[in-house]
Amino acid sequence: MQVYTLGEGTPEVAVVGAIHGDEPCGARAIERFLDEDPDVDRPAKLIVANERALERGVRYVDTDLNRCLPGDPESDQYEERLAHELMAEVRGCTALGIHSTVSYARPFANVACLDGRERGIVAHLPVEQVVDFTVVADGRSAELPGFVDIEAGHQGSAAAADNAYDCLVAFLQVTGVLPGDPPDPNPEFYEVTEPIYKEPGRTYHFRGENFERVAPGDRFADVDGDSLVADEEFWPVLMSDDGHDVLFGYRSTYHGPLSSLPPLDRTEATAESADEATDD
Ligand SMILES: [Zn+2]
């Protein structure tokens, strides 16, 4: 794990790239940002998490780092130990994790157990969608308090690295590390309701588009010669033919623009104002 610290003092803001080694966009965005030798208003740390997997171009070496938090320092599995080290680095930090996918080209944010601080962050990232993964919580960084993830685009693409950089800058603006106003895109909010698993040995073909409504009765996928038919409406998320061995994707519910959701708590606004904890 590589940890770069900017500014003076103990960072309370962190950006984490290369949680998955076959998703280089976060590490590229961090390198590009460091190359610019930026001036910061408050300290931040930039973390390239799974260097070993990044070097090999694989998602992980022993086990999925983003399914084994908080990890175990005594484990014989590399990522279990790494997860423990990563937890120590991001403890007490407001954090952004950077990922990429095979299923969708444009950036979107992933959250779980959304709180006001996290909602204030994702409202100001340059993304069109925010997806709540609380129902499938299974050791992901997004489940940590104050931690949000982005999916920056297609794995290995230049566009994903550019999107990751734009999200990194916006995140550092909303957390007061960088000067300037972050974007205010009012993304659409989706809540994952269940995963759809593949039957082993069968070939899947997704017929729809991620984030586009599947109506009851729609044939949304072909599985060998058969069709998968929706019995009720849903919005597909991270659905792809071969992005994952056992997981085809997720069903979600669409809740409307983020701004239309009821307020979560009084800390909502920006991470900076949450830190100050003042009355309006
Ligand atoms: Zn990832």
Side-chain angles (χ1 to χ4, degrees), residues 1-2 14-31 46-71 77-80 82-83 85-87 89-90 95-112 118 121-122 125-127 129-134 136-144 147-168 171 190 192 195 210-211 236-250 252:
M1 185 162 64
Q2 194 70 247
V15 175
V16 187
I19 288 174
H20 293 130
D22 58 351
E23 301 171 8
C25 60
R28 296 294 98 82
I30 287 171
E31 288 163 11
L46 307 168
I47 301 171
V48 177
N50 199 336
E51 286 181 293
R52 201 177 290 183
L54 182 64
E55 278 167 23
R56 299 181 193 181
V58 296
R59 184 173 174 88
Y60 53 79
V61 175
D62 290 330
T63 190
D64 191 331
L65 177 58
N66 206 31
R67 298 292 182 277
C68 68
L69 292 165
Q77 303 214 298
Y78 166 65
E79 277 88 0
E80 290 263 9
L82 188 58
E85 292 174 33
L86 179 60
M87 287 294 293
E89 287 294 340
V90 302
L96 175 73
I98 302 177
H99 293 264
S100 49
T101 83
V102 298
S103 64
Y104 197 65
R106 294 193 300 281
F108 62 96
N110 290 341
V111 297
E118 294 169 350
I121 292 165
V122 293
L125 298 179
V127 297
Q129 296 93 8
V130 175
V131 183
D132 185 341
F133 278 88
T134 303
V136 289
D138 53 6
R140 299 164 192 241
S141 57
E143 296 155 28
L144 303 172
F147 207 121
V148 303
D149 281 340
I150 58 151
E151 300 284 355
H154 280 301
Q155 273 174 239
S157 68
D162 287 345
N163 294 336
Y165 176 84
D166 292 344
C167 286
L168 180 155
F171 171 76
Y190 298 79
V192 165
N210 280 297
F211 298 113
V237 170
L238 287 172
M239 204 162 281
S240 71
D241 297 354
D242 42 25
H244 197 282
D245 288 344
V246 297
L247 183 67
F248 186 43
Y250 298 92
S252 81

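When a ligand or atom number is given, it counts from 1 through the structure's own listing order.
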If only atom types and distance count, is the side chain of Glu118 paired as donor or acceptor with the main-chain N or O of Phe147 below 3.5 Å? yes
Looking only at N, O or S atoms in His20, which is nearest to the Zn ion (ligand 1)? ND1
Among the N/O/S atoms of Glu23, the Zn ion (ligand 1) lies closest to OE1
Report yes if the distance between the aromatic ring centroids of Phe211 and Phe108 is under 6.0 Å, otherwise no. yes
CD1 on Ile19 to CG on Asp64, rounded to 0.5 Å: 9.5 Å
dist Leu65:CG -> His20:NE2 (nearest 0.5 Å) comes out at 6.5 Å
The Zn ion (ligand 1) -> His99, closest N, O or S atom is ND1
